[in-house]
Asks: 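Quick one: this structure, given as structure tokens, is what I'll be asking you about.
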Amino acid sequence: MTTEELRTDIAMVLDRARTRTSLLTEAVSDDELCAQHSPLMSPLVWDLAHIGNQEELWLVRDLGGREPVRKDIDELYDAFQHPRASRTQLPLLSPSEARGYVKSVRDKVLDVLDRTPLYGTPLSDHGFAFAMIAQHEQQHDETMLATHQLRRGSAALHAAPPPPKSAAVGGEAVVPAGPFEMGTSSDPWALDNERPAHRVHVDAFAIARAPVTNGEYIEFIGDGGYSRPALWSEAGWAHRKASDLTAPLFWRQDSAGVWWRRRFGLVEKVQFDEPVVHVSFHEAEAFARWAGKRLPTEAEWEKAARWDPATGRSRRYPWGDEAPSAERANLGQRHLQPAAVGAYPAGASPLGVHQLIGDVWEWTSTPFRGYPGFRYFPYAEYSEVFFGTDHRVLRGGSFGTDEVAVRGTFRNWDYPVRRQIFAGFRLARDAEQGENS
Ligand code: AVJ
Ligand code: FE
């Protein structure tokens with residue numbers, strides 16, 4: 001790729017993020033933009049100006065070396081200064097001020113993009129800082145999409161339904177024992193926590209070819225999954241009781257026993273063949289124990305997604321190194337729900353594992369930590385301050401994740417109790433003697 005092609009690509013990626021941000025923030029009234037839809041979330045108008053503020057900090061001031069656009073608002077939009085549930089109380093920019101602010105910042109950034117060398121410093125190499133900011137905006141767009149899902153009232157967002165099942169997908173794939181390369185040192189737009197590449201030995205394991213579906217999850221509920229402490233971890237059961245969990249978030253059962261869900265303002269029957277979404281890590285773990293299985297570790301998930309048995313190489317995606325497409329993965333808010341299992345045969349891995357990328361984030365059993373040799377870049381508050389045992393890693397992206405913000409190495413994380421994110425899971429188990437393919 002020439003530098004000119006890279007500039008064009010960056011401009012396109014930034015523009016795609018902004019089109020989506022505009023859609024998410026223009027679909028509801030200004031009053032709703034400023035409202036607290038859930039204590040878990042910021043008001044949408046905070047996300048909007050925070051997107052602009054991060055862009056200003058890194059691209060206008062740091063990389064561009066330009067004068068601040070608004071040097072008085074950094075503190076308001078610093079995510080570490082104010083808890084999400086308190087942000088409506090702050091003297092935030094109004095919706096029209098926030099729109100004007102992000103526009104002024106973007107105009108300057110496009111000028112910086114025209115004039116700055118895209119190589120020569122760690123922040124500028126291959127346009128890293130621009131890509132980091134595009135990923136940041138898309139991450140907040142997914143967060144805003146979760147706020148839209150939490151908001152009450154009639155539908156504000158609309159999209160075509162995902163493609164139907166076109167392949168029969170079931171059972172497990174066995175991944176043989178051996179090392180593989182986890183993480184990356186060469187992907188120019190990979191974030192700090194995906195680095196560096198390192199060899200990991202993984203014992204033979206079996207992993208489901210598809211995420212757990214709503215139909216399977218209903219069997220778990222019907223079999224007393226939510227009333228059998230033996231299926232849950234101690235912390236999981238304590239949370240199950242304290243929060244009175246009985247089903248995934250947004251589900252309701254009618255008096256005839258039929259399961260309904262609320263999805264972006266519509267109430268509809270739960271679709272049996274769709275991956276389950278809006279379950280916590282604790283629920284995923286209980287389901288796995290009920291099924292006689294377990295969740296995959298993060299390394300298992302990545303090996304299933306990237307390891308090419310023909311060459312031993314780790315690839316960018318399950319299907320190879322080529323970019324995602326509408327045939328390969330349900331990404332980018334093209335649809336407002338996960339697609340049925342079997343809808344993306346073109347996205348399968350060589351071992352026949354489907355829908356690893358897109359549809360639903362997948363909980364793994366692994367706490368979020370730095371890889372051996374981790375160094376924060378460019379700031380510790382993206383990942384490093386979250387390392388430890390409080391968070392679990394999620395992989396693969398959801399229908400609400402843009403392709404610039406997910407790949408086989410991409411790591412997401414959250415608290416094990418969280419359910420408002422677009423998260424489901426798939427099952428794994430140790431391979432048996434002689435099953436090592
Ligand atoms: C990677 C999704 C966990 O939303 O907390 C956005 C992304 N970091 N702004 C989050 C992020 C700073 C982050 N997650
Ligand atoms: Fe942020």
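Whatever order the structure lists them in is the order used to number ligands and atoms, beginning at 1.
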Asks: Is the NZ or CZ atom of Arg392 both under 6.0 Å from the centre of the six-membered ring of Phe281 and within 45° of that ring's axis?
Replies: yes
Asks: So which of Asn412, Asp47, Thr143 gets nearest to atom 2 (C) of ligand 1, if we judge by its closest heavy atom?
Replies: Asn412
Asks: Give the name of the N/O/S atom in His50 that lies closest to the Fe ion (ligand 2).
Replies: NE2
Asks: As an exercise, identify every atom of ligand 1 less than 4.0 angstrom from a heavy atom of His136.
Replies: 6 (C), 9 (N), 12 (C)
Asks: Return the residue, atom name and 0.1 Å-rounded distance of the protein heavy atom closest to atom 11 (C) of ligand 1.
Replies: Gln139 OE1, 3.5 Å
Asks: Tell me which one of Trp363, Phe386, Phe387 satisfies ring-ring contact (aromatic ring centres under 6.0 Å, His included) with Phe368.
Replies: Phe387
Asks: Below 4.0 angstrom from a heavy atom of Tyr382, which ligand 1 atoms are there? Numbered from 1 as shown, please.
Replies: 1 (C), 8 (N)
Asks: Decide yes or no on side-chain contact (heavy atoms from CB on, under 4.5 Å) for Gln135 and Phe410, but give the supporting numbers first.
Replies: CA-CA 11 Å; Gln135 293 182 66; Phe410 188 88; 4.2 Å; yes
Asks: With the Fe ion (ligand 2) at the centre, find the angle made by NE2 from His140 and NE2 from His136, to 10°.
Replies: 100°
Asks: Are more than 12 heavy atoms from other residues, nucleotides or ligands located less than 6.0 Å from atom CZ of Phe272?
Replies: no
Asks: May I ask you to list the atoms of ligand 1 that are less than 4.0 angstrom from any heavy atom of His140?
Replies: 6 (C), 9 (N)
Asks: Flag the pair Arg261 and Glu274 as a salt bridge only when some basic side-chain nitrogen lies within less than 4.0 angstrom of an acidic carboxylate oxygen.
Replies: yes
Asks: Cation-pi between Arg87 and Tyr77: NZ/CZ under 6.0 Å from ring centre and within 45° of the ring axis?
Replies: no
Asks: Any carboxylate oxygen within less than 4.0 angstrom of a Lys/Arg side-chain nitrogen, looking at Arg18 and Glu55?
Replies: yes
Asks: Quick one: does atom 14 (N) of ligand 1 have a protein heavy atom under 4.0 Å from it?
Replies: yes
Asks: Of the protein's non-hydrogen atoms, which lies at the shortest distance from atom 5 (O) of ligand 1, and what is that distance?
Replies: Arg84 NH2, 4.7 Å
